[in-house]
Each structure stands twice: as C-alpha cells, then as structure tokens.
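Since we're looking at a predicted model, the values are computed, not measured.
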Amino acid sequence: MRKITSQSVDAFGNGYRFNRGNTTVSGCGATEIRKCYLMLHNNLIAKKEVQTNTLTISDCGWQTDTTKERLNGVLYRLTFGWGLFQNRGEWFLTNDEETVQWTGSATFRAGDLIKS
C-alpha cells in the first residue's frame, strides 16, 4: 500500500482531515451526524456516516489502479475482509465467502455489504 493511501485511509477511519497530492479527507467534524469524505482527484470515492454506521464507496467512473488502491485501503480498514480485484478488465468485490461483480459502487453497514 502506498504511503499516501495509508495516511489518507487512517485519516478517513479516525475522522480527521487530510490533504496531500490528489487525495483529500474532509467533513470529519465533531457533530452529532458526523460524515467523512474521501476524495480522489475531486471525485467522492468514499463516504462514512458515523450515525448510521454506513460506508459507501464508488469508482466515480474511473476504474484505475489508483482508485482501486484507495478503495481497497478503505475496505481493508473499515470492512470485514472485503476487497476489489480485477480479472480480464472486469472489477469484482470479494471476501472469503462471496464474490460479486462490481457495479461502480457499494454500501456497507457495520462492515457488511448491504448493496452493490
């Protein structure tokens, strides 16, 4: 994992701001309905909502190695074994129990997939 991915995912997971290069974490205020946003090239690729314990990820139409790496960093940190991989140009979301075709976005609650 690249250093920028590790640092941005730590900031996203812990709820503090981060800004380096093409990656930004924002919106992590200490409010009752706290939300954190992970941006890559000004595209919202991950949103964490503390009150509902949900995580939404998206490739924003950019299926690049960098997008996949950032999303995998988030998934590794905030879900139970989920990850993205690519096979013959197609992206898939997987864990130890199942593999589903990537639809461009996914939502997790308490670390478990609820919508892909």
What is the minimum heavy-atom distance between [X] and [Y], and which atoms define it?
{"X": "Phe18", "Y": "Ala11", "answer": "CB-CB, 3.6 Å"}
{"X": "Thr23", "Y": "Ser8", "answer": "CG2-CB, 3.6 Å"}
{"X": "Ile45", "Y": "Leu71", "answer": "O-CD2, 3.3 Å"}
{"X": "Phe12", "Y": "Cys36", "answer": "CE1-O, 3.4 Å"}
{"X": "Gln101", "Y": "Glu90", "answer": "NE2-OE1, 2.9 Å"}
{"X": "Val9", "Y": "Gly73", "answer": "CG1-O, 3.4 Å"}

>> For the backbone of Glu98 and the side chain of Asn95, can you confirm whether one donor and one acceptor N or O come within less than 3.5 Å of each other?
In response: yes
> Is there a donor-acceptor contact under 3.5 Å from the side chain of Thr67 to the main chain of Trp62?
Replying inline: yes
Ignoring hydrogens and geometry beyond distance, is a side-chain donor-acceptor pair present between [X] and [Y] at under 3.5 Å?
{"X": "Arg70", "Y": "Thr5", "value": "yes"}
{"X": "Asn19", "Y": "Thr24", "value": "yes"}
{"X": "Asn14", "Y": "Arg77", "value": "yes"}
{"X": "Thr64", "Y": "Thr66", "value": "no"}
{"X": "Thr99", "Y": "Thr94", "value": "yes"}
{"X": "Gln63", "Y": "Lys68", "value": "no"}
{"X": "Asp59", "Y": "Trp102", "value": "yes"}

>> If hydrophobic clusters are built by linking Ile, Leu, Val, Met, Phe, Trp and Tyr wherever their side-chain heavy atoms come under 4.5 Å apart, do Leu84 and Tyr76 end up in the same one?
In response: no
From [atom1] ([X]) to [atom2] ([Y]), nearest 0.5 Å:
{"X": "Ser58", "Y": "Leu38", "atom1": "OG", "atom2": "CG", "value": "11.5 Å"}
{"X": "Leu78", "Y": "Lys48", "atom1": "CG", "atom2": "NZ", "value": "6.0 Å"}
{"X": "Thr54", "Y": "Glu49", "atom1": "OG1", "atom2": "CD", "value": "4.0 Å"}

> Who passes ring-ring contact (aromatic ring centres under 6.0 Å, His included) against Phe80, sequence neighbours left out?
Replying inline: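 Here no residue qualifies.
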> Which residues pass the salt bridge (charged side-chain N to carboxylate O under 4.0 Å, His left out) test with Arg109, sequence neighbours left out?
Replying inline: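 Partners of Arg109 under the salt bridge (charged side-chain N to carboxylate O under 4.0 Å, His left out) test: none.
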